[in-house]
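Side-chain atoms are counted along with the backbone in the values below, which use heavy atoms only and exclude waters and symmetry mates.
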Amino acid sequence: LEDRQMDLYYTGTSDIRDRYGAVIAGVQVDEASIVRVSYDADSGILYSLNQVEPDWSYERQSSVVINPEKEMLTVAGNNYRFGKNVVVRSEGEKIELSKLASVDELTVRGMGDRVFVIERVSGHGTLRLMNADAFAG
C-alpha cells in the first residue's frame, strides 16, 4: 500500500469499477476514495482501477491526535502513519491538515497502518474580525 500521487493515462480499455464491482466512468471516482490500481510503470497507462472499502474506519471521533512532524495519527489508542498525500476534507472540500483543530470531530479511514482520508464531520468554526484596525495598538 502506498499513498503517493501518480499521473496515469486513462484509455477506452481501462477498467474502472466502484466498490460494488460495477463499471463506472473515471469522473465518478471521488478524490477521497481508496483504490487499487494496475498500470504499466513505463508508459503510465492505467489498466484497472477498483475502489475498495477501507480496512478500518473511525467515525465521528473527537479525540484524534495528529502529529504532522512525525506524520503520525492516534485514534482510539491506535497509531497510524500518513503521508503528504493524505486527503483532508471538510464539507466535501479539500483542506490543509493545518486547518484541523483538536476540538474537531473527525472521521478517519485507512488501510493497514496508513491513514488515507481524514474528514472533518463537525468543526470548531471560524471567526473573522471586521474592521480589525480598530484593535491595533
**Asked** Taking atom types as modelled, is there a side-chain donor on D40 or S43 under 3.5 Å from an acceptor on the other?
**Response** yes
**Prompt:** Are Y58 and N78 close enough that some pair of their side-chain heavy atoms sits under 4.5 Å apart?
**Reply:** yes
**Request:** Assess the side chains of S63 and Q61: does a donor N or O sit below 3.5 Å from an acceptor N or O?
**Result:** no
**Prompt:** Considering only heavy atoms from C-beta outward, does the side chain of N85 approach that of F116 to under 4.5 Å?
**Reply:** no
**Prompt:** Is there a donor-acceptor contact under 3.5 Å from the side chain of W56 to the main chain of R109?
**Reply:** no
**Message:** Please determine whether the number of non-hydrogen atoms from other residues, nucleotides or ligands lying under 6.0 Å from atom CD of E96 exceeds 12.
**Reply:** no
**Item:** CD1-CZ distance between I66 and F82, expressed to the nearest 0.5 angstrom
**Value:** 6.5 Å
**Asked** Under a 4.5 Å cut-off applied to non-hydrogen side-chain atoms, are I24 and V29 in contact?
**Response** yes
**Asked** Ignoring hydrogens and geometry, is there a side-chain-to-backbone donor-acceptor pair from S14 to L46 under 3.5 Å?
**Response** yes
**Prompt:** Between R120 and L100, which heavy-atom pair has the shortest distance, and what is it?
**Reply:** CB-CD2, 4.1 Å
**Item:** CA sep, side-chain torsions, deciding dist, call: V52, V35, side-chain contact (heavy atoms from CB on, under 4.5 Å)
**Value:** CA-CA 6 Å; V52 296; V35 298; 5.9 Å; no
**Fill in**
One should read off an interatomic distance between R36 CZ and N50 CG, to the nearest 0.5 angstrom, of 9.0 Å
**Prompt:** Are any non-hydrogen side-chain atoms of S62 and V64 less than 4.5 angstrom apart?
**Reply:** no
**Prompt:** With a 4.5 Å heavy-atom cut-off, do V23 and I16 have their side chains touching?
**Reply:** no
**Item:** Same apolar cluster: I118 and V87, side chain cutoff 4.5 Å
**Value:** no
**Request:** Answer with yes or no whether the side chains of E119 and T107 bring together a donor and an acceptor at under 3.5 Å.
**Result:** no
**Message:** Quick check on Y9: does its OH atom have over 12 non-hydrogen neighbours (other residues, nucleotides or ligands) under 6.0 Å away?
**Reply:** no
**Asked** Is any NZ, NE, NH1 or NH2 atom of the basic residue among R19 and E53 found under 4.0 Å from an Asp or Glu carboxylate oxygen of the other?
**Response** yes
**Item:** Shared hydrophobic cluster for L106 and L97 (ILVMFWY, side-chain gaps under 4.5 Å)
**Value:** yes
**Message:** Regarding K99 and D104, does a basic nitrogen lie under 4.0 Å from an acidic carboxylate oxygen?
**Reply:** no
**Asked** Do the side chain of Q28 and the main chain of A25 share a donor and acceptor less than 3.5 angstrom apart?
**Response** yes
**Heavy-atom side-chain proximity of N67 to L73 below 4.5 angstrom** = no
**Asked** Y39 versus M6: any side-chain heavy-atom pair under 4.5 Å?
**Response** yes
**Prompt:** Going only through I, L, V, M, F, W and Y residues with side-chain contacts under 4.5 Å, is there a path from Y10 to L49?
**Reply:** yes
**Asked** Mind checking whether R81 and R114 have side chains closer than 4.5 Å, heavy atoms only?
**Response** yes
**Message:** Could you report the tightest heavy-atom contact between P54 and I34, atom names first, then the distance?
**Reply:** CB-CD1, 3.8 Å
